[in-house]
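First up is the structure itself, then whatever we jot down about it.
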Amino acid sequence: MEQISPGYKSARLRPAGNGLTATGSPGTSQPKCIDHQNGHPGATLYITMIAGVAALGGLLFGFDTGVIAGAMLFIVPAFHLGAAEQGLVVSAVTFGALFGALAGGTSSDAIGRRWTNIVAGISFIMGSAVSALAPNVDILILSRLIIGLAIGLTSVAAPMYIAELAPARHRGRLVSLFQLAITTGILAAYIVDRALAPDHAWRWMLGLAFIPGALLVLGMIPLPESPRWLLKTGAEQAARQVLSLLRSPEEVETDVQQIRDDLEQNTQAAWTDLLMPGLRPALLVGIGLAVFQQVTGINTIIYYAPEIFQKAGLDKDTTALAATIGIGAINVLSTLIAIWLVDRVGRKPLLLAGLAGMIVSLVALGTAQRFGSKIGVNPQWVGPIAVGFIGLYIVCFAFSLGPIVWLMISEIFPNQARARAVAISTAANWMANFLVSLSFPVLLALMGPSLCFLYAAMGVAASIFIIGYVPETKGKSLEDLSRQWRTQPVAIPGRQ
Ligand code: BGC
C-alpha cells in the first residue's frame with residue numbers, strides 16, 4: 001500500500017494542459033539546431049552546452065580551493081601572518097561555503113536556479129578581484145569569505161540546475177561534468193601555483209579566477225531557467241518552452257504531467273519540514289553521502305599532497321610538486337570513467353567499486369608506512385609504494401564518490417523540497433570538509449600512518465550505508481525517484 005507521509009497529498013493524476021497559468025519567461029533564445037526526432041542530436045548538444053556553462057562554477061570551486069596552498073607561501077611573508085591569521089585566510093573559503101550552501105537553498109527557490117548561478121558568478125568575480133587587490137589581511141579574509149559564499153551557492157545551484165534540465169537517460173554524465181570541472185579547477189590551480197611561484201605572484205594566482213567567473217555570468221545569462229522551478233512557480237507556459245528546446249513534443253507532455261503531479265502530491269517544504277517522516281529517509285541519504293565523501297579523507301590528499309609526498313620520501317620540493325600535479329591530472333582523467341559509465345552501469349555499482357579501491361589503497365598505504373620494515377618491505381620502496389597507492393585512491397575516488405555524490409544529492413529529493421534539502425546536504429559536506437581538514441594535522445601527529453586505517457574504516461561504513469540505504473537512480477526521472485520515496489521510504493538492500 002502506498003504510504004503517504006504527513007505533509008503529502010494523495011496521488012492524483014491530472015491531464016496535461018490544464019490548471020496552472022502561464023507567466024514569466026524562460027529568458028532564453030531558441031537555438032536553431034534542435035532536432036526533435038529520435039536521438040535529438042541538436043538537443044543533446046544544447047543540454048551539454050548548458051551543463052558545460054553551469055559547470056564553470058565547479059571550475060571556480062576547484063580552482064579557489066586548490067590555489068591557496070601555493071599562494072600562502074608568499075602571502076604569509078607579504079602580510080607577516082601568524083598561525084591564527086594563516087588559518088583564517090585558508091579556512092574562510094570553507095566557512096563561507098557552508099553558509100553559501102544554506103543561502104543557495106533559499107535563493108534557488110526564491111529567484112530560481114539560473115539566477116542563483118549568476119549571483120554565484122558575480123560573487124566569484126568580486127571575490128577574486130578583491131583578493132587580488134587586497135591591501136591588508138582583513139580585506140583578504142573578507143574576499144575569501146565572499147569566494148566561499150560563491151562556492152557554496154554554486155555547489156547547490158549548479159548540479160541541481162543541470163539535473164533539472166537533463167533528460168533522465170543522460171543525467172548522470174551531464175551532472176558529472178560538474179565534478180570534471182572541479183577536478184580541472186584543482187589541476188589548473190596546481191599548475192598556476194607552480195608557474196607563478198618563481199615571481200611570487202600571489203595576487204595573480206588569486207586574481208585569475210576572475211576570467212572563469214566572468215565567463216560563468218556571461219554564459220548563464222542567455223540560458224533557460226529550470227523547467228521544474230518554472231512549473232513550481234506556476235510559469236507553465238515558460239516551462240513548456242524550455243522543455244521544447246530539450247525534448248520531443250511527446251516527452252514535453254509527459255514531463256509536464258509528471259512534474260505537475262509530483263508538485264501536487266508534495267507541499268512546499270519549509271526548512272523544518274525536511275525532518276518530517278516523508279522526507280527524512282531521502283535527507284538521510286543526501287547527508288550521509290555528502291559526509292562520507294569527506295570523511296574518507298579525500299581532501300587530506302588534495303590539500304596536503306606536497307607535504308604527504310615529502311613525508312613519503314619524495315624529499316625534493318620539485319619532485320613533490322610534480323607528483324602533486326600528477327595527482328591532479330589523474331583526478332581529472334579518472335572522472336571521465338564516471339562520465340562514461342554512470343548512466344550505463346548505474347550509481348551504486350560505481351560507488352561500491354570506487355569505495356572498495358579506496359579502502360584497499362588506504363589499508364595498503366597505512367601498512368606499507370607503519371609495518372613496512374616488519375613485513376620486509378625495502379625502505380627505498382616505501383615512497384614509491386605510497387605514491388602508487390595514493391594514485392590508486394585518487395582514481396577510485398574520482399570515478400565514484402567525487403562525481404556521484406554531487407549527482408545523487410541533486411536527484412534524490414522531490415521537487416518541492418529539492419533546493420532546501422540539497423542545501424542541507426551540501427552544507428553537511430562543507431562542514432565535514434572543514435572538520436576533516438582541521439583535524440588532519442592533529443590526527444596525523446597523534447596516529448601517524450595509522451590514520452589511513454581510520455579513513456579506511458569510514459570507507460567500510462560508507463559501503464554498508466550505500467548498500468543499505470541508497471537507492472539506484474540510473475535512468476529514472478526525478479519524479480519517479482520522488483514517488484519511490486513515498487511508496488518505499490526506506491531503501492531495501494540491493495533494490496534497483
Ligand atoms: C569534493 C571536494 C574535493 C574534490 C576532489 C569534490 O567532489 O567535494 O571536497 O576536493 O572532489 O576532486
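Just the heavy atoms: all of them, side chains too, but no hydrogens, waters or symmetry mates, feed the values below. Whatever order the structure lists ligands and atoms in, that order sets their numbers, starting from 1.
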Suppose I only count heavy atoms of [X] and a 4.0 Å limit; which atoms of ligand 1 are within that range?
| X | result |
| --- | --- |
| I186 | 5 (C), 12 (O) |
| W406 | 6 (C), 7 (O), 8 (O) |
| T183 | 12 (O) |
| N331 | 5 (C), 12 (O) |

**OP:** Please assess I162 against L177 for the test side-chain contact (heavy atoms from CB on, under 4.5 Å), listing each intermediate value before the final yes or no.
**Re:** CA-CA 9 Å; I162 302 172; L177 289 179; 5.5 Å; no

Original post:
Is there a donor in the side chain of S482 and an acceptor in the side chain of D262, or the other way round, less than 3.5 Å apart?
Top reply: yes

Original post:
Going by distance alone, is a donor N or O of one side chain under 3.5 Å from an acceptor N or O of the other, for N429 and S425?
Top reply: no

Original post:
Identify the closest protein heavy atom to atom 8 (O) of ligand 1: which residue and atom is it, and at what distance?
Top reply: Q293 OE1, 2.9 Å

Original post:
For atom 6 (C) of ligand 1, which protein heavy atom lies nearest, and how many Å away is it?
Top reply: Q179 OE1, 3.4 Å

**OP:** Give the ring-plane orientation class for F61 versus F178, where under 30° counts as parallel, over 60° as perpendicular and anything between as tilted.
**Re:** perpendicular

Original post:
Quick one: does F397 get a heavy atom under 4.0 Å from ligand 1?
Top reply: yes

Original post:
Taking the side chain as C-beta and beyond, is there a heavy-atom pair between P212 and F63 under 4.5 Å?
Top reply: no

Original post:
ligand 1 versus N433, non-hydrogen atoms closer than 4.0 Å: side chain, backbone, both, neither?
Top reply: side chain

Original post:
Does the pair E411/R418 count as a salt bridge with the N-to-O cut at 4.0 Å?
Top reply: no

Original post:
So, are D343 and R169 salt-bridged, with charged N and O less than 4.0 Å apart?
Top reply: no

**OP:** Check each of T335, N429, N299 against atom 10 (O) of ligand 1 and report the one with the nearest heavy atom.
**Re:** N299

